[in-house]
K.L.:
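Input: one structure, supplied below.
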Amino acid sequence: MRKIEEVISLYRKYGCLAEPLKGYISNQSKGDNLILKTQWKQTDLERIENIKFSKNYIVRNGQPNQFEVQSSNIVTENNELWNKESPSGRLNVIIRNITTKKEEEKQYIEIWDHRQKIKNYNITSLEKHGKICDPDGQFGSVCWSASEKNLLYIAEKKKLKTVSYFDSKPNKDDKDEEEKPVKGQEHDYIDDWGEQLVGKTCPVVCILDIDNGDVKVLDNILDNHSLGQAVWAPSDSGVVFTGWKNGPYRLGLIYCPIRESAIYYWDIVSNKCERLSDDTRCSALPRFSPDGSKLIYFDNDIGGPHYQCARLLMCDWPSRQTSVIVDIVKEPTVKSFPGFYVASLPTKCWSADNSRIILSSVWRSSVSLVVVDVKDKTVTRLKTNVKGDAVLMDVLTDKLLVKCSALNQPPYLAISSLPVAGQEGEITICPLDEPIPVPGISWEVQTFSPTDRPHSKFGALNYETILLMPEVSDVKPPLIVFPHGGPHAVFTEGYMLYTSCLIASGFAVMYINYRGSLGFGDNNLRSLPGNIGDQDVKDCQAAAEEVVNSGRVNGDKVVVFGGSHGGFLTAHLIGQYPKFYKAACCRNPVINLSTMVGSTDIPDWPFYESGHPFDHKAALNENILTDMWRKSPIRYIDQVEAPCLIMLGADDLRVPVKQGREFYRGLKARNKVTRLISYEGNSHPIIKTDSQADAFINMVEWFKKYLQ
Ligand SMILES: CSCC[C@H](NC(C)=O)C(=O)N[C@@H](C)C(=O)N[C@@H](CO)C(=O)O
């Protein structure tokens, strides 16, 4: 293993690489000449900040898949929340967050043509709504009308002004009733959508008139709903959006597309709203075909596993007839399409002829490009000439802008072409910039089928691990067992900074996509709820023992690391197998399901994942409490021997810091070796620039100390 000073310089090197955030193929592209507009981020560890910059490319499309690329110089961006061109490419809208000298936050909407800024609207001063939602976020979207006269965006609904009962300021009589401040409600609790959505209570659809700056707020078209993901309907006849039900109280929404939601259409002439999707399902991500004749969206169950295998549905716009294009896949084979597991969709995801949809979806332990023919309902995986993950960023005239990465390759942007229908075999990925891999990393995917531990209803099923090895190692490397969180999530062959730095530091790392992970079929995913703390723990231990028994790693130097549910598994593993692990590190770990219910933003999770039904009226009782305790790591705390480093995000609403503190106190009281680090200004992910770097070095130091 490398010295800690070398590890720090490794992190400085690989932790400060530019990473593509988003990009699109400009509507100004003509024929074989593509104009690509991209946005990047880069960590600056000296200034402890992330900088953002934009970079444009001109791609000349020579022979098929022979692209000549010319990139523009780099322009750093200041406070741009969003930058999007109009359908003709003639105009650009920039939504800007400005902090004034008086520390006030103001939001502006700027309209630019090719020469200059032609409109600049101080949206905050209009006082028509609250903050504009991040277009990349859960609710956000920014959408030009076809006429280029209006702009759709999502903002927080305007909140009532409240004053003290003892406020002596005279009420201005000219204010209409709803404008008058309400007395005595300054300290009322305001329910919001939880982790990373604090203050997001009731987003609404807003329409800006580009010419005169008027803003129409659609805040009364659908009662008791939060609105988002808005897109213009064909011919700007209205707006299609996703509506999430607010009541009776909100449950955390991030990482949980199982909150009651439906697709709606608001007609601009009638001012009426109609529900388009099934109100017994959760629907989201509406996308129109280029000709406006078809609308697709995804749906899954309301409640249950926080991520699920989703259905792809299509609404024939003129007739509003809806059909299922791709259904849930319950039990795929190792080679077959495992179903759709989609957290987001690019704004444009259709082929030019309106017959196919292109998207990225989890496919076992990788993220793949997939093409769906909406006529014959076939699903085809687009194989590429590069290893790793391929995430679709944009589609235009059947050209694909793709974000690629691999376990040894930091993310880069590439261009490719959609094959003609029926011939979707392999596509050639053409990088826009020369990819520079992290040297010395190799990996292999292993499949496990626990026939000795079959699920009671679904049988053995199977699961995968990804074993990453340092290529240059004259000794057997120590092993870091690394289960993902969720638990309905997945580790794929895409790049992760921590992992590449761990391998470069001399560790072997094993990702474990235990049963219950995404990408292996719906039955696999649903095999875990009710069995957490047992099935997932045994899957992890079986994989860890297999790799130790294979002799490829140093079996006397095995440690374990995980975040959130991965932290839950880390705490379980060192409690249930105390002799096997020499040290542990857990980030925001779930420690005691029963004490979590009252403090997490998703109380449905501990109920459902421990096998108990949940609805908004759900309450604990002695049977549920006992069962939750039995499934929690705290149950095994007396057996723990491995020194355990606990890292907490001080603002975490998902796994509250009390969980980590409960484990810390229990270990201290039992004279076990433990240390707790709390990172201010971090929530569930510990990703503030300095915190993320500090957490990594502390973790490596902890492992090195107890592996000596
Ligand atoms: C009540 S919190 C349950 C655990 C949590 N699940 C959800 C739905 O939020 C969880 O594990 N979250 C993951 C997104 C997570 O944090 N994963 C790990 C890595 O896999 C992470 O470090 O991000």
Side-chain angles (χ1 to χ4, degrees), residues 138 193-197 251-259 300 303-308 341 343 362 365 367 465-466 480-492 494 496-499 502 509-514 516-519 525 528-529 532-533 536 540 560-572 585-610 612 614 618 628 631-633 645-649 651-660 662 679 682-688 691-692 695-696 699:
Q138 192 78 33
W193 287 103
E195 168 68 19
Q196 297 169 52
L197 294 170
L251 292 166
L253 185 55
I254 197 165
Y255 316 137
C256 299
I258 55 169
R259 307 307 178 207
N300 50 242
H306 61 89
Y307 259 116
Q308 303 168 17
Y341 308 88
V362 176
S365 299
V367 175
T465 65
I466 304 178
I480 300 177
V481 172
F482 190 174
H484 61 72
H488 311 299
V490 65
F491 276 160
T492 65
M496 281 212 307
L497 170 62
Y498 268 30
T499 306
L502 288 170
V509 173
M510 180 167 66
Y511 289 163
I512 305 181
N513 290 326
Y514 46 88
S517 301
L518 293 185
L525 184 147
L528 186 55
I532 60 169
D536 45 1
C540 291
V560 56
F561 167 57
S564 198
H565 188 83
F568 168 89
L569 291 169
T570 297
H572 260 297
C585 174
C586 48
R587 178 193 65 67
N588 294 327
V590 174
I591 295 299
N592 187 338
L593 295 158
S594 42
T595 57
M596 177 178 194
V597 167
S599 53
T600 176
D601 67 331
I602 55 171
D604 58 313
W605 188 94
F607 271 91
Y608 186 80
E609 292 300 333
S610 60
H612 301 282
F614 178 88
M628 283 184 174
K631 290 176 166 110
S632 300
L645 175 62
I646 303 164
M647 299 176 159
L648 304 181
D651 303 331
D652 191 342
L653 298 176
R654 187 56 44 100
V655 180
V657 295
K658 289 172 184 162
Q659 290 289 301
E662 184 173 341
Y679 289 101
N682 288 266
S683 51
H684 195 51
I686 297 178
I687 51 174
K688 270 185 71 190
S691 310
Q692 187 179 31
F696 177 77
M699 174 174 71

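As the structure is a computational prediction, the values presented were derived from the model and not from experiment. For this chain, numbers begin at 1 and follow the sequence in order. Both ligands and their constituent atoms are indexed starting at 1 by order of listing.
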K.L.:
By number and element, which atoms of ligand 1 are closer than 4.0 Å to a non-hydrogen atom of Val655?
P.N.:
2 (S)
K.L.:
Does His484 approach ligand 1 within less than 4.0 angstrom via side chain, backbone, both or neither, non-hydrogen atoms only?
P.N.:
both
K.L.:
Could you identify the single nearest non-hydrogen protein atom to atom 9 (O) of ligand 1 and state the distance to 0.1 Å?
P.N.:
Arg654 NH1, 3.0 Å
K.L.:
Verify, without hydrogens or angle tests, whether Glu195 (side chain) and His684 (backbone) share a donor-acceptor contact under 3.5 angstrom.
P.N.:
yes
K.L.:
Counting from 1, what ligand 1 atoms have a heavy atom of Arg587 closer than 4.0 Å?
P.N.:
15 (C), 16 (O), 18 (C), 21 (C), 22 (O), 23 (O)
K.L.:
For atom 5 (C) of ligand 1, grab the closest protein heavy atom and report residue, atom and distance to one decimal in Å.
P.N.:
Ser564 OG, 2.9 Å
K.L.:
Considering Tyr498, Tyr255, Trp605, which one's heavy-atom position lies nearest to atom 14 (C) of ligand 1?
P.N.:
Tyr255
K.L.:
Can you tell me if Tyr255 uses its side chain to pair, donor with acceptor, with the backbone of His488 under 3.5 Å?
P.N.:
no
K.L.:
Short list, please: which atoms of ligand 1 are under 4.0 Å from a heavy atom of His306?
P.N.:
8 (C)
K.L.:
Closer than 4.0 angstrom, basic N to acidic O: yes or no for Asp536 and Lys631?
P.N.:
no
K.L.:
Which ligand 1 atoms does His684 reach within 4.0 Å, using its non-hydrogen atoms?
P.N.:
5 (C), 10 (C), 12 (N), 15 (C), 16 (O)
K.L.:
Quick check: does any side chain N or O of Arg654 sit under 3.5 Å from a backbone N or O of Ile254, one acting as donor and the other as acceptor?
P.N.:
yes
